[in-house]
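Every value quoted in this text rests on a predicted model; they were computed, and no experiment measured them. In each ligand, atom 1 is the first atom listed, and ligand 1 is the first ligand listed. Only this structure's heavy atoms are used, side chains among them; waters, hydrogens and symmetry mates stay out.
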Amino acid sequence: MHKVLEHGQYIMGPEVRELEQKLEAYTGAKHCITVASGTEALLISLMAMGIQPGDEVITTPFTFVATAEVIVLLGAKPVFVDIQPDTCNIDPTKIEAAITPRTKAIMPVSLYGQPADMDEINAIADRHNLIVIEDAAQSFGAEYKGRKSCNLSHIGCTSFFPSKPLGCYGDGGAIFTSDDAIAQACREIRVHGQSSVCPHPDRRWRADGHHSVRGRAGQAGAFRVGSSAADRDWERIQRSSRCKGVKRVVQREDRTSVFAQFTVLLDDREAMQAKFADCKFRPRFITPSPQRTARLQASAARIALISKETAKRVMSLPMGPDLTVESQKTVTLLLA
Ligand SMILES: *Cc1c(COP(=O)(O)O)cnc(C)c1O
């Protein structure tokens with residue numbers, strides 16, 4: 001931080017490229033483009049692919065509001081596909097029925113730290129000539145069949161919000177891709193670029209040149225010490241997470257989770273919530289996107305029933321490298 005204050009290159013300084021190179025090496029993606037937040041990473045990705053009013057983007061209703069928000073911001077329509085009740089991630093067997101001639105992209109979310117069924121999703125996208133953007137805001141560091149989250153589809157977007165698996169001091173985010181043209185389009189948009197580059201002329205998408213998103217990547221350089229996903233003791237987290245009578249979000253065998261949050265499924269959540277009333281740990285809940293705002297609701301063509309029901313049962317507990325053994329015990333006792 002002192003070095004940055006010394007040279008004064010606060011925006012797009014040398015540390016930004018240095019960080020991007022480290023993240024490229026870590027994820028295996030050819031390009032990393034750091035931006036001001038996870039939300040902007042998603043927004044810039046959609047802009048780079050030329051998403052515009054009238055287009056449809058398939059996504060999950062079971063996520064943080066930003067996922068659907070960026071689609072709506074561009075005037076496009078989020079089409080919600082229901083989730084798997086055990087992993088809480090989008091159910092790929094339900095995606096194809098939601099595809100229309102206006103569908104341009106699929107945006108799965110790797111929720112709570114675990115990647116979605118990316119192979120199945122990528123195969124569907126290939127068949128229908130769609131782009132896949134992984135919302136990996138909660139899953140930086142997770143692996144899927146030996147590959148890193150953020151590098152599992154055309155584009156991966158992550159967030160460096162302080163509470164995310166790789167948190168920084170402030171807001172920050174990054175876009176990952178191994179496609180040169182997409183990377184070029186994202187880099188141009190980051191600096192208000194007049195992009196005339198069309199990443200995939202054969203696919204009707206276009207980057208149309210009027211960009212208003214600012215790149216403020218400089219701040220992404222200051223990361224929370226010790227919060228590196230690679231440093232976490234995953235074995236210990238796994239062991240400490242067996243409480244009788246409480247179901248965990250299921251983790252598939254071919255992938256890992258970085259536990260952005262520690263989420264449990266409860267039959268009687270109200271009773272459990274009451275137990276946590278006097279505890280300093282504030283459990284977190286989820287509101288499926290269609291239930292959030294009138295605008296998102298209006299565009300939810302299909303009713304995501306599993307998502308609605310699961311939202312009443314989930315409870316997310318704090319999870320992070322700074323969680324002490326003492327705190328773990330407190331939470332475990334309340335759950336048991
Ligand atoms: C946090 C989050 C975002 C947004 O990231 P910000 O850096 O806060 O803008 C998007 N999607 C999901 C799933 C998230 O958890």
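- Under the salt bridge (Lys or Arg N to Asp or Glu O under 4.0 Å) test applied with D86, the options R313, R252, K247, R248 reduce to a single match, R252.
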Using a cut-off of under 3.5 Å, which N/O atoms of ligand 1 pair up with protein N/O atoms, and what distance separates each pair?
unit_1	atom_1	unit_2	atom_2	d
ligand 1	5 (O)	S159	OG	3.4
ligand 1	7 (O)	G38	N	2.8
ligand 1	7 (O)	S159	OG	2.7
ligand 1	9 (O)	G38	N	3.4
ligand 1	9 (O)	T39	N	2.9
ligand 1	9 (O)	T39	OG1	2.5
ligand 1	11 (N)	D135	OD1	3.2
ligand 1	11 (N)	D135	OD2	2.7
ligand 1	15 (O)	Q138	NE2	2.8
ligand 1	15 (O)	K164	NZ	2.9

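- In plain terms, the two heavy atoms of C150 and T27 that are nearest each other are CB-CG2, 4.2 Å.
- Side chain to side chain, T256 and E143 fail the donor-acceptor criterion of an N or O pair below 3.5 Å.
- Side-chain contact check for V132 versus M118: some heavy-atom pair is nearer than 4.5 Å.
- Figure legend: K148 and Y26 shown as a cation-pi pair, the cationic atom lying under 6.0 angstrom from the six-membered ring centre and within 45 degrees of its axis.
- F64 places none of its side-chain heavy atoms less than 4.5 Å from the side chain of V109.
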